[in-house]
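Below, chain A is the first sequence line, B the second, and so on; all start at residue 1.
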Protein chains: 2
Amino acid sequence: MQITLAVSTVIFALRPTSAGADPESGAPLPALWLPLVRRIRPPYEGQWALPGGPLGIDEDLEAAAARTLGATTALAPNYLEQLYAFGTLDRSPDGANDRVVSVVYWALVNSDEVVHSDRNTSTENVRWFSVDDLPDLAFDHDVIIEYALWRLRNKVEYSRIAHAFLGDTFTLAELREVHESVLGRTLDPANFRRQIESTNAIVPTGKRVTGTSYRPPKLYRYNNSAEPVDRGPLGRTDPAEPASPSRKPTA
Amino acid sequence: MQITLAVSTVIFALRPTSAGADPESGAPLPALWLPLVRRIRPPYEGQWALPGGPLGIDEDLEAAAARTLGATTALAPNYLEQLYAFGTLDRSPDGANDRVVSVVYWALVNSDEVVHSDRNTSTENVRWFSVDDLPDLAFDHDVIIEYALWRLRNKVEYSRIAHAFLGDTFTLAELREVHESVLGRTLDPANFRRQIESTNAIVPTGKRVTGTSYRPPKLYRYNNSAEPVDRGPLGRTDPAEPASPSRKPTA
DNA sequence: TTAATAGTGTCTCTGAGACAGTATATA
DNA sequence: TATATACTGTCTCAGAGACACTATTAA
């Protein structure tokens, strides 16, 4: 018997709630969705699981996570961070003859680019689910998703990652809506503006949205040069970059 | 070729600065120390490295970290938490024919119980170093220790883990000294008291220190029943417990 | 009484949030 | 002009820190 090392990824996107049509009804916030993969072999055959697979012998952990993400969504992650390494002995059902340690990453992707249709990019075995309405999951993947959600909500509050759900440019209202969706509560526009501006997280592009029936809002973009609040073990500037970590980042 | 999965542990303890004798000279704060192990085979033969080793086939990750800690210090950890999984391709020197992914834990041990003498508990190949005066380290262990230090300092500020350096009972002054040592600055006793009391982290034992030449301070102990500020992926109450994680902790 | 540390009271400053008010586009 | 949203000003409140002050023991 042998210990297998796998890498899985929790991939988050935002999706408008009433997928029908009119955004005119009482402001329903977008909800968090994530793609799952149907297992085609035991254990847990037929059940849904996080996308992932064994680590390649010549592959960085983060690269494996990004590869999995691409295979599942045909996208590149806007944000990618290691979540945790899961390795307890009870992860597989009793009697299973394997020992798997999973290094799990979590990622944010641009919601506009996500193909949400059931006839998906890759196969019929990938489907997107609302985090509020998940199916029965294989292994301990329910616990993993719960923890990833906790980290996401935590980090949105003190860090500057919400823009990863959006495109290159966005309005403050759009960014605020992302925060509201993730945190599950409405935020005061005035205070939100001040808070974001104080972190230098975004810079105005000088352009404005056109075609509105009201005062056109400014467009902003993410400020790549500002220091991130958090840091990984290697102090990378942007966790989305799959750059190989330098051994001595600053000190 | 095969991917090897190893578990290493960064073990922190506090040690009085002027190991001489008199605690009478201007208040030198204790400093952080950690044990390293001298490598007895290539690569990096003869250099110092974090204690650790391969994961046992029937061993939880956390159990492996605790086992390593016991083998190195003959102690049980008062606090133990996963730090990060390190797995980049450049971790071993060029030309080395191995691929190691290390799941690294960090731990706090009771400083009073640590045997600091060079003739150590286990072998001559274990030695304690001040984190301000580390030798050349094998692999990427310098980066790992740097990150563990960052996490420790971060977590001491917002969580309630400092007591793990102390015994069962302690005075507020002792607890404050731990904070001061870790953070590297002095703290206002009055404000520190209020801050700690507001978190319900500690409860008075009703006893006092005896034999002082001044007003005897109250003795406190850690409040196990209070909710921890942080939570692991499984919401355990006390990370020191090597309990196997339950699949659905609260929700 | 003096010395030394334990422990309390209170002022100030800063940042978060509530919320009123002003600005600017289209219809 | 009405209206809808962008954006600004300002008040209040709570927590962090500075620091003066009181309490209690032994020498």
Side-chain angles (χ1 to χ4, degrees), chain A residues 22-29 153-154 156-160 162 166 169-180 182-221 229, chain B residues 22-29 153-154 156-160 162 166 169-180 182-221 229:
Chain A
D22 58 343
E24 208 69 47
S25 46
L29 284 174
R153 289 177 174 136
N154 233 24
V156 160
E157 284 194 309
Y158 71 82
S159 189
R160 300 145 49 260
L166 302 171
T169 63
F170 46 84
T171 67
L172 268 173
E174 287 169 339
L175 187 63
R176 177 165 50 85
E177 190 178 49
V178 171
H179 278 82
E180 290 176 336
V182 172
L183 299 179
R185 65 168 191 273
T186 58
L187 299 171
D188 184 284
N191 297 332
F192 180 78
R193 170 185 302 272
R194 261 188 296 266
Q195 186 195 316
I196 294 292
E197 281 174 346
S198 72
T199 66
N200 287 102
I202 59 174
V203 287
T205 61
K207 295 180 180 165
R208 287 172 183 273
V209 175
T210 59
T212 62
S213 75
Y214 47 82
R215 174 174 174 177
K218 285 184 191 166
L219 280 170
Y220 294 82
R221 62 176 174 75
V229 177
Chain B
D22 58 343
E24 207 68 48
S25 45
L29 283 173
R153 289 175 175 139
N154 233 25
V156 159
E157 284 194 309
Y158 71 83
S159 189
R160 302 145 49 258
L166 301 171
T169 62
F170 44 85
T171 67
L172 269 172
E174 284 168 342
L175 188 62
R176 177 166 49 86
E177 189 178 50
V178 171
H179 277 82
E180 289 177 335
V182 171
L183 299 179
R185 66 167 191 274
T186 58
L187 299 171
D188 184 285
N191 297 332
F192 179 79
R193 169 185 302 269
R194 262 187 295 266
Q195 186 196 317
I196 294 292
E197 280 175 347
S198 72
T199 67
N200 287 102
I202 58 175
V203 287
T205 61
K207 296 179 179 166
R208 288 172 181 273
V209 174
T210 57
T212 62
S213 75
Y214 46 83
R215 174 174 174 178
K218 286 184 192 167
L219 279 171
Y220 294 83
R221 63 175 173 74
V229 177

Calculate the interatomic distance between [X] atom [atom1] and [N] atom [atom2]; express it in whole Å.
{"X": "B:Arg193", "N": "C:dA6", "atom1": "CZ", "atom2": "C1'", "result": "6 Å"}
{"X": "B:Arg208", "N": "C:dA6", "atom1": "CZ", "atom2": "P", "result": "11 Å"}
{"X": "A:Arg185", "N": "C:dA16", "atom1": "CZ", "atom2": "C1'", "result": "11 Å"}
{"X": "A:Leu187", "N": "C:dG15", "atom1": "CG", "atom2": "P", "result": "19 Å"}
{"X": "A:Ile196", "N": "D:dT8", "atom1": "CD1", "atom2": "P", "result": "15 Å"}
{"X": "A:Lys218", "N": "D:dA6", "atom1": "NZ", "atom2": "P", "result": "13 Å"}
{"X": "A:His179", "N": "C:dA16", "atom1": "NE2", "atom2": "C1'", "result": "15 Å"}
{"X": "A:Phe170", "N": "D:dA6", "atom1": "CZ", "atom2": "P", "result": "15 Å"}

- Between B:Arg215 and D:dA23, does any side-chain N or O lie under 4.0 Å from OP1 or OP2?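 Answer is no, no contact under 4.0 Å.
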
- Item | B:Val203 backbone acceptor or donor facing B:Arg221 side chain under 3.5 Å |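 The answer is no, because no donor-acceptor pair under 3.5 Å joins these two groups.
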
- Task: Using modelled atom types only, decide if a donor and an acceptor are shared between the side chain of B:Thr205 and the backbone of B:Leu219 within a distance under 3.5 Å.
- Result: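 Judged by distance alone, yes, a pair lies under 3.5 Å.
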
- Query: A:Asn191 or A:Pro217: which one's nearest nucleotide on DNA chain D is closer to the 5' end?
  - Reply: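 The answer here is A:Pro217.
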
- Message: Quiz question: going by heavy-atom distance under 3.5 Å, is there a donor-acceptor pair between the base of C:dG17 and the side chain of A:Arg194?
- Response: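 Between C:dG17 and A:Arg194, which were checked side chain against base, a qualifying N/O pair under 3.5 Å is absent.
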
- Closest nucleotide among D:dA6, C:dA6, C:dC19 to the A:Asp188 side chain: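 My answer, after comparing the listed nucleotides, is C:dC19.
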
- B:His179 side chain near B:Val156 side chain, heavy-atom distance below 4.5 Å: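 Counting from C-beta outward, B:His179 and B:Val156 do come under 4.5 Å.
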
- Query: Is there side-chain contact between B:Pro217 and B:Thr212, with heavy atoms separated by less than 4.5 Å?
  - Reply: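 Of all side-chain heavy-atom pairs linking B:Thr212 with B:Pro217, at least one is under 4.5 Å.
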
- Of A:Pro216 and A:Ser198, the one whose closest DNA chain C nucleotide lies more 5':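 Nearest-nucleotide comparison on DNA chain C picks A:Ser198.
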
- Calculate, to the nearest 0.5 Å, the distance between atoms CD and OH belonging to A:Glu174 and A:Tyr220 respectively.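 Atom-to-atom, A:Glu174:CD and A:Tyr220:OH are 12.0 Å apart.
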
- Message: Over all strands shown, is A:Ala190 touching base, sugar-phosphate only, or nothing at heavy-atom distances under 4.0 angstrom?
- Response: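 Base contact - A:Ala190 has a heavy atom under 4.0 Å of at least one base atom.
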
